[in-house]
2 protein chains.
Amino acid sequence: MCKLPDKIRIKDIAALAGVSTGTVDRVLHNRGEVSQKSREKIEKILTELNYQPNIYATALASKKKYTFITLLPEAKKGEYWYDIKIGVDNAAKELLDLNINVQQIFFDQYNETSFIQSINTILIQSPDGVLLAPVFKEQTIILTKELRIKNIPFVFIDSDISELNALSYFGMHSFKSGYLAAKLLLKDEKNNSDIAIFQAYRTGNSESNQTELRINGFKKYISDYYPDTVIHSVKIYAHDTDKNDKILKDFFNHYPQIKKGVTFNSRAYLIADYLTTNYIDDIKLIGYDLLEKNVIALKKNKICYLLAQRPEIQSYKGLKALCEYKIFKNKIKRTNFMPIDILTQENIDFYQEFTII
Amino acid sequence: MCKLPDKIRIKDIAALAGVSTGTVDRVLHNRGEVSQKSREKIEKILTELNYQPNIYATALASKKKYTFITLLPEAKKGEYWYDIKIGVDNAAKELLDLNINVQQIFFDQYNETSFIQSINTILIQSPDGVLLAPVFKEQTIILTKELRIKNIPFVFIDSDISELNALSYFGMHSFKSGYLAAKLLLKDEKNNSDIAIFQAYRTGNSESNQTELRINGFKKYISDYYPDTVIHSVKIYAHDTDKNDKILKDFFNHYPQIKKGVTFNSRAYLIADYLTTNYIDDIKLIGYDLLEKNVIALKKNKICYLLAQRPEIQSYKGLKALCEYKIFKNKIKRTNFMPIDILTQENIDFYQEFTII
DNA sequence: CTGTTAGCGCTTTCAT
DNA sequence: ATGAAAGCGCTAACAG
């Protein structure tokens with residue numbers, strides 16, 4: 001019995017195979033120039049000893065430089081896309097020592113032109129990978145077609161366009177989240193006769209695919225379990241408080257029997273604020289995403305549940321996936337649905353103070 | 001303007017300060033033998049340029065070896081403590097290249113003697129840190145007292161004994177989880193007059209502190225919002241199905257008005273199984289932890305909600321905390337409450353297939 | 001008190 | 001097809 005070191009190194013493999021470290025490295029990375037005989041011998045030892053490379057040494061020695069580009073909506077602190085950016089920043093910091101540079105490009109999610117302009121920037125740069133939120137479908141098709149030609153992998157986050165077959169997708173299962181929202185709103189309760197769906201109208205962007213899927217899921221639950229429920233749809237305006245006030249006032253006056261509401265975008269606070277201002281506190285409201293304003297409304301008990309989807313993990317994992325694929329040549333899972341987290345007044349603090357990465 | 005490399009290295013700092021890399025390293029690690037003058041100059045440059053060491057190079061060059069010991073209950077696949085072990089394994093794998101060895105010691109959570117025996121093993125070994133679940137309070141006091149004398153840091157997971165002032169704690173906020181459980185069980189609902197608390201009786205171990213806190217939280221919510229509710233406590237037996245059957249049958253026959261129940265340990269499936277066997281499906285049941293059997297019952301709709309506490313993250317983060325403290329000399333947060341995750345039939349799959357680390 | 005130097009395990013280039 | 005050797009950035013022992 002000869003004794004082996006705690007952790008097997010390339011040097012050990014080489015010694016056992018009677019070759020040099022260079023040869024072992026060549027078979028490890030499949031870069032040819034190795035005789036059949038050596039290859040087989042080395043591979044055998046490799047699997048027998050279950051060789052695991054020292055990732056620190058690998059990272060340090062590697063000379064290759066990589067650039068990844070992210071194309072995401074701009075955002076201010078407290079907004080959904082800002083949390084996405086936090087994940088990008090976290091990943092970027094980690095990847096720096098791996099010689100990976102992350103370049104962030106932002107567009108205006110209400111302005112398709114700003115997205116179009118970014119396309120060229122990306123294509124000229126020819127990065128090693130792209131992480132993006134496919135907010136504008138047509139333009140995303142154009143961009144990804146070019147990326148495919150240049151053989152640049154891309155990862156979607158937040159929402160998926162499955163026919164474009166990205167390397168990977170990280171985001172919510174929108175349909176099921178809507179289904180869950182309905183259950184949380186209605187199950188075992190009284191006052192289920194009428195409910196309201198508040199839809200924030202966004203200029204310059206038609207109803208997103210994601211919102212639609214959430215609504216479908218929501219309606220499915222209702223038709224499954226409470227088919228008699230009447231659903232009222234109310235259009236509200238994200239950037240016009242006065243107009244909203246009037247709309248909501250009219251609505252609640254008109255349908256006093258409505259005690260339940262839901263929003264499928266992240267603007268639940270718009271409704272919550274109205275309820276607060278008008279001293280209404282018998283409406284059960286459900287919304288999405290931990291925007292600062294939503295969280296405040298949740299804590300004040302104006303929103304009953306918020307469904308969240310770990311935005312900072314979506315972008316973090318998206319970049320790591322690119323890295324795994326390009327650098328470590330690993331297989332990547334195509335679809336990664338994020339957990340649908342249910343937040344209430346009682347558990348929100350623990351959730352927020354707990355940073356996963 | 002002289003140009004600096006992308007990433008500042010020790011060598012760059014040394015050049016700017018007109019000293020050698022050895023001296024820079026000495027001030028970085030506070031190991032003395034540096035003149036006041038050099039020290040100040042170097043420190044100035046360090047902060048100005050915001051020097052961040054290359055963690056890969058650091059890890060590779062470091063020659064020190066460390067040993068951490070974990071002292072946790074033994075468990076089989078599908079159990080709570082098995083998930084805790086998964087976190088340990090994950091951390092151990094990551095730490096291997098940092099010259100850190102993680103040695104796992106297991107005890108029988110129903111047998112104090114097995115815990116006592118492990119104490120000696122640990123003290124003889126004199127590891128660089130200990131991660132443990134303080135299941136047996138008296139023995140934990142004895143162990144940690146010795147560790148303190150030997151200046152060995154220790155981290156608690158799962159439950160805390162705050163007066164022992166561990167380096168850090170990772171686990172649930174038991175009281176608030178109980179409060180939340182009550183809300184999920186009762187809020188806005190009918191049939192709140194009578195509810196049952198099922199307590200699994202464990203041989204050899206008195207009611208744990210954790211369970212007690214959960215019950216307190218639960219009762220607090222009820223006294224806050226539904227003070228008229230009658231709470232029935234039922235003792236069940238984890239390892240005696242026949243006995244359980246009889247107890248539960250008697251109980252439900254005696255109190256047919258009870259439509260809600262909760263368990264504060266992880267044995268909700270015991271009740272769920274009874275309900276299944278007896279074709280009862282109008283009882284709303286809440287439990288804790290994603291044991292395989294609990295998850296099955298949740299999916300079959302026999303359990304309505306499961307509260308979970310990310311066991312595999314507790315142990316993972318606990319070990320990383322020891323590492324941060326011992327190796328990178330960083331400050332560690334004393335108390336780290338885990339998110340209280342609310343799982344239902346609808347979101348359990350996404351939660352389980354999503355591995356965070 | 002300071003500078004020099006030999007590694008850590010792996011990658012990659014250059015001879016052979 | 002293969003081996004030798006130079007480094008990646010940092011640590012730590014040693015010589016002065």
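Numbered from 1 within each chain, the chains take letters A, B, ... in sequence-line order.
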Worksheet entry | NZ/NE/NH1/NH2 to OD/OE distance under 4.0 Å, A/E146 and A/K150 |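 The answer is no: the pair does not qualify as a salt bridge.
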Worksheet entry | Electrostatic pair A/K93-A/D89, nearest N-O below 4.0 angstrom |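 So A/K93 does not pair with A/D89 through a salt bridge.
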Discussion item. Ring of A/F354, cation from B/K317 - is the NZ or CZ under 6.0 Å from the centre and inside 45° of the axis?
Written reply: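 Yes - B/K317 lies over the ring of A/F354, closer than 6.0 Å to its centre and within 45° of its axis.
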How many Å lie between [atom1] on [X] and [atom2] on [N], as a whole number?
X      : N      : atom1 : atom2 : value
B/N30  : D/dA12 : CG    : C1'   : 16 Å
B/I42  : C/dG3  : CD1   : P     : 8 Å
B/D12  : D/dC10 : CG    : C1'   : 13 Å
A/Q36  : D/dT2  : CD    : P     : 11 Å
B/N54  : D/dG9  : CG    : C1'   : 6 Å
B/E40  : C/dC1  : CD    : P     : 13 Å
B/L60  : C/dC10 : CG    : P     : 9 Å
A/I327 : C/dC10 : CD1   : P     : 18 Å

Fill in: Close side-chain approach of B/L60 to B/Y56, heavy-atom, < 4.5 Å
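Contact flag for B/L60/B/Y56 side chains = no.
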Practice prompt. Could you tell me whether B/Y325 atom OH has more than 12 heavy atoms of other residues or ligands within 6.0 Å of it?
Written response: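 Incorrect, the count does not exceed 12.
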Discussion item. When you measure from the side chain of A/Q314 to the backbone of A/D158, do you find a donor-acceptor pair of N or O atoms at a distance under 3.5 Å?
Written reply: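 Confirmed, A/Q314 side chain pairs with A/D158 backbone.
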Fill in: Closest listed nucleotide, where the reference is the side chain of A/R9 and the choices are C/dC10, D/dC8, D/dA1
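The answer is C/dC10, which lies nearest to the side chain.
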Worksheet item: Which nucleotide, C/dG9, D/dA1, C/dT2, lies nearest any side-chain atom of A/E33?
Response: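 Per side-chain heavy atoms of A/E33, the pick is D/dA1.
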Worksheet item: At under 4.0 Å, does any side-chain N or O of A/T23 touch on OP1 or OP2 of D/dG3?
Response: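 So the side chain of A/T23 is within the cut-off, an N or O lying under 4.0 Å from OP1 or OP2 of D/dG3.
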Nucleotides 11-13 of chain C: which of its N/O atoms have a protein N/O under 3.5 Å away?
unit_1	atom_1	unit_2	atom_2	d
C/dT11	OP1	A/H29	NE2	3.1
C/dT11	OP2	A/D25	OD1	2.4

Fill in: Under 3.5 Å side-chain donor-acceptor pair for B/N336 and B/S168
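Indeed, the side chains of B/N336 and B/S168 share at least one donor-acceptor pair under 3.5 Å.
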